[in-house]
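Report on the following structure.
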There are 2 protein chains.
Amino acid sequence: MTKHKDNKTEEQILEAAQKIFQAKGMDGARMQEIADKASINKAMLHYYYRSKQLLFEAVFKKAFALLAPQLNAILNDDSSLEDKIKNFTHNYISFIIKHPYLPNFIIQELNRNPKFIEKIKNNVAFPSIDKFKLQVQKEVKNGTIVSISAEQLFINILALNIFPFVASPLIKAFANVDDRTYKTLLEARKKEVSDFIINAIKK
Amino acid sequence: MTKHKDNKTEEQILEAAQKIFQAKGMDGARMQEIADKASINKAMLHYYYRSKQLLFEAVFKKAFALLAPQLNAILNDDSSLEDKIKNFTHNYISFIIKHPYLPNFIIQELNRNPKFIEKIKNNVAFPSIDKFKLQVQKEVKNGTIVSISAEQLFINILALNIFPFVASPLIKAFANVDDRTYKTLLEARKKEVSDFIINAIKK
DNA sequence: ACATTTGTTAACCAAACGGTTAAACTAAAT
DNA sequence: ATTTAGTTTAACCGTTTGGTTAACAAATGT
């Protein structure tokens, strides 16, 4: 990607930056802390990524490129709506359990700078809702599901899948569950959520 | 609350701090910026609130105290489950449309410092899930709703109501809707969400 | 009227910050 | 062996940051 021949250090930096940025956000992260975590001199961060902003953007793009294809599964897959919902919720929740910081990081930083999404659109494969829309409209017309707009259904699917990871401290406090119990709850959601959605839209 | 007699300045500071903290978070906010927005000298911030941390905590507690009673409506109200869900989604979405920064701010900062919730529990009236749990269990036993745990239902209700406000930049991008259309979608959710939930749990 | 407390200001401070520099090191190319 | 280009380091720099200070103004109490 750049003029550099040996990208070992470059990758070390990106990995460390990922951890720090995802834990503390752009504003809370410190270049020195990233350098420490990568076990290299702070000047190297600037040597490879020029500025904090550019390093951050590299991390963000990588994270987004990991998340976007997941959403593509619900928007552009060829299977039936019911199968889609089942597969998506199961796969997505499994995926996020492995990357629990990801959705919160992306949502947080997009809220901090909403214009940032434009920059991403040009760099990362960006799914469109069009195909999903046709599918939902068809099923509504056929009478196999209740009347609902594709956008609302899409929001509901995302909400039920993502929110428990984004708001975990809040939910833990209100639902009065400890970390271990919460993990069990999340595991159960792989099935619970698809049942819930399918029940909600089935006639 | 404190030794200060004239609380006009104190309130001006809190209002300004609220706006800045909710827009930029603890790490992104600058004391000088808060002072500017409050049209007062920066030293006054420290005179009234001693430190950035304490000013932030005052803002956070105030925000949390605004949100908590809303959740209390679903956890401790006496009405039937169906009425509760209808009323809550309608009232909650109306409430958040007026305070769109609130849920994101609270979720954000709780993720930044999860231990913070303990401090809050001692200061703000904190609803418990117990009553709601009994109600759900009873309705499951009676066969009026499908088998679902109170915790999962609670998470689902929160997710469907709150997520669209927290993740709006992400949803707008993927669902390909502009700001005005999104507002319309949110308005429609006052009814859409309760229909969706009730459909999902009805037998 | 005067003294004391409370409120406000501009100037200041040390620490932390992102970023730069210049010199040293490494290793392949000539 | 010497040049050359890429890599790494410690020391440094200007700015910004949260926070302090000391002098001053406005109330308040006696």
Side-chain angles (χ1 to χ4, degrees), chain A residues 1-62 105 108-109 112-113 116 119, chain B residues 1-63 105 108-109 112-113 115-116 119:
Chain A
M1 194 175 176
T2 64
K3 61 188 169 174
H4 312 297
K5 303 211 168 148
D6 187 359
N7 54 9
K8 200 190 70 188
T9 309
E10 203 172 337
E11 275 175 25
Q12 271 177 31
I13 293 172
L14 202 61
E15 254 179 64
Q18 203 170 319
K19 285 174 193 162
I20 301 290
F21 276 132
Q22 290 188 9
K24 310 200 166 185
M26 167 70 171
D27 293 328
R30 297 290 157 243
M31 292 298 268
Q32 187 59 59
E33 201 180 357
I34 294 171
D36 290 348
K37 175 142 279 186
S39 306
I40 47 111
N41 190 286
K42 180 165 71 86
M44 298 304 284
L45 302 182
H46 295 95
Y47 181 71
Y48 283 101
Y49 293 93
R50 282 188 48 206
S51 69
K52 187 185 184 184
Q53 178 65 25
L54 286 175
L55 175 56
F56 173 80
E57 285 180 17
V59 168
F60 189 88
K61 275 176 196 161
K62 196 182 164 194
F105 172 64
Q108 179 172 339
E109 298 302 330
R112 205 178 50 86
N113 184 9
F116 199 53
K119 225 180 229 173
Chain B
M1 194 175 179
T2 65
K3 63 187 168 176
H4 312 297
K5 306 215 167 148
D6 188 359
N7 53 8
K8 199 190 71 190
T9 310
E10 203 171 341
E11 276 174 25
Q12 271 177 30
I13 293 173
L14 202 63
E15 254 179 65
Q18 201 168 319
K19 286 175 192 160
I20 301 291
F21 276 132
Q22 290 189 7
K24 309 199 166 184
M26 167 70 171
D27 293 327
R30 298 290 155 243
M31 293 297 268
Q32 186 60 60
E33 201 180 355
I34 294 171
D36 290 347
K37 175 141 280 186
S39 308
I40 47 110
N41 190 285
K42 181 165 71 83
M44 297 306 284
L45 302 182
H46 295 95
Y47 181 74
Y48 283 101
Y49 292 92
R50 282 191 47 209
S51 70
K52 187 186 184 185
Q53 179 64 26
L54 287 175
L55 176 55
F56 173 79
E57 285 179 20
V59 168
F60 189 88
K61 277 176 197 161
K62 196 182 165 194
F105 171 65
Q108 205 74 257
E109 300 300 329
R112 204 178 51 85
N113 185 8
K115 293 166 205 159
F116 200 53
K119 223 180 230 172

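Order of the sequence lines sets the chain letters (A, B, ...), proteins ahead of strands, with each chain counted from 1.
For the pair B/Gln32 CD and C/dC12 P, the computed distance is 16 Å after rounding to whole Å. Straight-line distance from the OH atom of B/Tyr47 to the C1' atom of C/dT9: 13 Å, rounded to whole Å. B/Glu10 has its CD atom 9 Å from the P atom of C/dG7, to the nearest Å. Taking atom CD of residue A/Glu33 and atom P of nucleotide C/dA16, one finds them 13 Å apart after rounding to whole Å. The nearest whole Å value for the distance from the NE2 atom in B/His46 to the P atom in D/dT17 is 13 Å. Between A/Met44 atom CE and C/dC25 atom C1' there is a gap of 12 Å when expressed in whole angstrom units. Atom-to-atom, CD1 of B/Ile40 to P of C/dT6 comes out at 19 Å; the value is rounded to the nearest Å. Atom CD in B/Gln12 sits about 13 Å away from atom C1' in C/dT8, given to the nearest Å.
Between A/Gln12 and A/Lys37, the closest side-chain pair of non-hydrogen atoms is not below 4.5 Å. At least one side-chain heavy atom of B/Tyr49 sits less than 4.5 Å from a side-chain heavy atom of B/Leu14. Side-chain contact check for B/His46 versus B/Met31: some heavy-atom pair is nearer than 4.5 Å.
Note on B/Ala35: nothing from the nucleic acid sits closer than 4.0 angstrom, heavy atoms only.
With the nearest nucleotide of DNA chain C identified for both A/Met26 and A/Ala43, A/Met26 has the one nearer the 5' end.
Ring geometry, A/Phe116 versus A/Phe56: the interplanar angle falls from 30° to 60°, so the pair is classed tilted.
A close approach under 4.0 Å does occur between a side-chain nitrogen or oxygen of A/Arg30 and OP1 or OP2 of C/dG18. Residue A/Thr9 has no polar side-chain atom (N or O) positioned under 4.0 Å from OP1 or OP2 of D/dT7. Using a 4.0 Å cut-off, no side-chain N or O of A/Arg50 falls inside it from OP1 or OP2 of C/dG19. For B/Tyr48 and C/dT8, the shortest distance from a side-chain N or O to OP1 or OP2 is below 4.0 Å.
Taking every side-chain heavy atom of A/Met31 into account, C/dG18 is the closest of C/dG18, D/dT20, D/dA10. Comparing atom distances between the A/Lys42 side chain and each of C/dT21, C/dG19, D/dG19 picks out C/dG19 as nearest.
A/Glu109 and A/Asn113 share no side-chain donor-acceptor pair at under 3.5 Å.
Side-chain N/O atoms of A/Lys52 and base N/O atoms of C/dG19 include no donor-acceptor pair closer than 3.5 Å.
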